Visitor: 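Dropping a structure here in structure tokens format, bear with me for questions.
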Amino acid sequence: MQIHYKEKALLANQYKIEKAERSKNWIGRNWINVLLFGVFISFVGPTYTSVADGVYRKKSVTALDLSDFGYFGTVLCIAIWYAACMTIAYFVWNYQDNRKIDRLKMNEYSFKKN
């Protein structure tokens, strides 16, 4: 009976490895969507405003009102900030995915060893 549970655990671990391999490098696979979303956020972000609630803010404030730059300067700042965040996310998620796959492969090795 013990062998049956080991085989099921090994099979489940192999499925987890396959799923992790398929889902890694999300930003690299969807780079056009990430780029288009960044362009959209960069151009809409400076003029976006929430509705003034009347309690805390009497008048709605945009990012353009708060910045010392003009419209295109604010767009550039948002684009640089977005690119930096996506670059950091790319490397962090890549590291986490590789670490998860390595951990699962070590589990697979220990299942096969015992």
Side-chain angles (χ1 to χ4, degrees):
M1 197 65 168
Q2 189 75 351
I3 295 172
H4 175 69
Y5 290 122
K6 280 187 178 181
E7 289 175 352
K8 284 194 138 315
L10 181 62
L11 189 60
N13 195 41
Q14 288 173 347
Y15 287 146
K16 287 179 185 177
I17 290 172
E18 290 173 7
K19 183 179 175 184
E21 287 284 344
R22 280 193 313 264
S23 68
K24 76 178 197 176
N25 195 16
W26 183 86
I27 293 177
R29 285 183 288 123
N30 298 312
W31 67 272
I32 191 75
N33 294 337
V34 172
L35 181 69
L36 290 175
F37 182 72
V39 168
F40 174 75
I41 290 298
S42 295
F43 282 102
V44 173
T47 59
Y48 177 77
T49 183
S50 60
V51 178
D53 57 9
V55 177
Y56 299 107
R57 291 184 314 264
K58 300 295 182 192
K59 153 181 146 179
S60 57
V61 179
T62 65
L64 192 58
D65 296 335
L66 296 175
S67 71
D68 293 334
F69 306 116
Y71 177 75
F72 289 109
T74 309
V75 166
L76 188 60
C77 288
I78 292 174
I80 290 170
W81 178 82
Y82 181 79
C85 288
M86 285 297 109
T87 303
I88 291 169
Y90 173 77
F91 288 115
V92 168
W93 291 342
N94 193 16
Y95 174 75
Q96 288 177 343
D97 290 340
N98 288 336
R99 190 169 174 207
K100 180 179 180 181
I101 290 169
D102 289 343
R103 190 178 70 243
L104 288 171
K105 286 184 179 179
M106 286 170 54
N107 287 346
E108 181 182 23
Y109 176 72
S110 67
F111 284 137
K112 287 181 179 179
K113 183 179 173 184
N114 293 331

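Everything numeric here is computed off the predicted structure, so don't read it as measured data.
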Visitor: Using modelled atom types only, decide if a donor and an acceptor are shared between the side chain of R29 and the backbone of S23 within a distance under 3.5 Å.
Guide: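 Yes, R29 side chain to S23 backbone: donor-acceptor pair under 3.5 Å.
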
Visitor: Give the C-alpha distance, both sets of side-chain angles, the deciding distance and a yes or no for side chain to side chain contact (heavy atoms under 4.5 Å, CB included) between L10 and K6.
Guide: CA-CA 6 Å; L10 181 62; K6 280 187 178 181; over 6 Å; no

Visitor: Would you give the length of the straight line joining atom NZ of K105 to atom CD of E21, rounded to the nearest 0.5 angstrom?
Guide: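 Those atoms lie 5.0 Å apart.
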
Visitor: State the NZ-OH distance between K8 and Y5, to the nearest 0.5 angstrom.
Guide: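 So the gap between those two atoms works out to 9.0 Å.
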
Visitor: Please confirm whether the backbone N or O of N33 pairs with a side-chain atom of N30, one donor and one acceptor, at under 3.5 Å?
Guide: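 Checked: no pair found.
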
Visitor: Give a yes or no on whether F72 and V39 share a hydrophobic cluster (residues Ile, Leu, Val, Met, Phe, Trp, Tyr; joining criterion: side-chain heavy atoms under 4.5 Å apart).
Guide: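 Yes; tracing contacts between hydrophobic side chains, which count when under 4.5 Å, links both residues.
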
Visitor: Quick check for you: to the nearest 0.5 Å, what is the distance between K19 atom NZ and K16 atom NZ?
Guide: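 So the gap between those two atoms works out to 9.5 Å.
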
Visitor: Restricting to non-hydrogen atoms, name the atom on A20 and the atom on L104 that form the minimum distance, rounded to 0.1 Å.
Guide: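 That would be CB-CD1, 4.5 Å.
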
Visitor: Show, in sequence, the C-alpha distance, side-chain angles and deciding distance for F40 and L36, and conclude whether the side chain to side chain contact (heavy atoms under 4.5 Å, CB included) test is met.
Guide: CA-CA 6 Å; F40 174 75; L36 290 175; over 6 Å; no

Visitor: Taking N107 for the side chain and N13 for the main chain, is one N or O donor matched with an acceptor at less than 3.5 Å?
Guide: no

Visitor: Check the pair F37 / Y82 against side chain to side chain contact (heavy atoms under 4.5 Å, CB included), numbers first and verdict last.
Guide: CA-CA 10 Å; F37 182 72; Y82 181 79; 3.5 Å; yes

Visitor: Over all heavy atoms of both residues, which pair between V75 and P46 is shortest? Give the atoms and the distance, please.
Guide: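 The pair with the smallest heavy-atom distance is CG2-CG, 3.8 Å.
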
Visitor: Would you please classify the geometry between the W93 ring and the W26 ring as parallel, tilted or perpendicular, with 30° and 60° separating the classes?
Guide: perpendicular

Visitor: Provide the closest heavy-atom pair for V34 versus I27 in the form atom of the first, atom of the second, distance.
Guide: CG2-CG2, 4.4 Å

Visitor: Hydrophobic cluster membership, with links at side-chain heavy-atom distances under 4.5 Å among I/L/V/M/F/W/Y: are Y95 and Y90 in one?
Guide: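 No: no chain of side-chain contacts under 4.5 Å links Y95 to Y90.
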
Visitor: Start with the C-alpha distance between Y71 and F43, add both sets of side-chain angles, then the distance that settles side chain to side chain contact (heavy atoms under 4.5 Å, CB included), and finish with yes or no.
Guide: CA-CA 9 Å; Y71 177 75; F43 282 102; 3.7 Å; yes

Visitor: How long is the span from the CG atom in N25 to the CG atom in N94, to the nearest 0.5 Å?
Guide: 6.0 Å

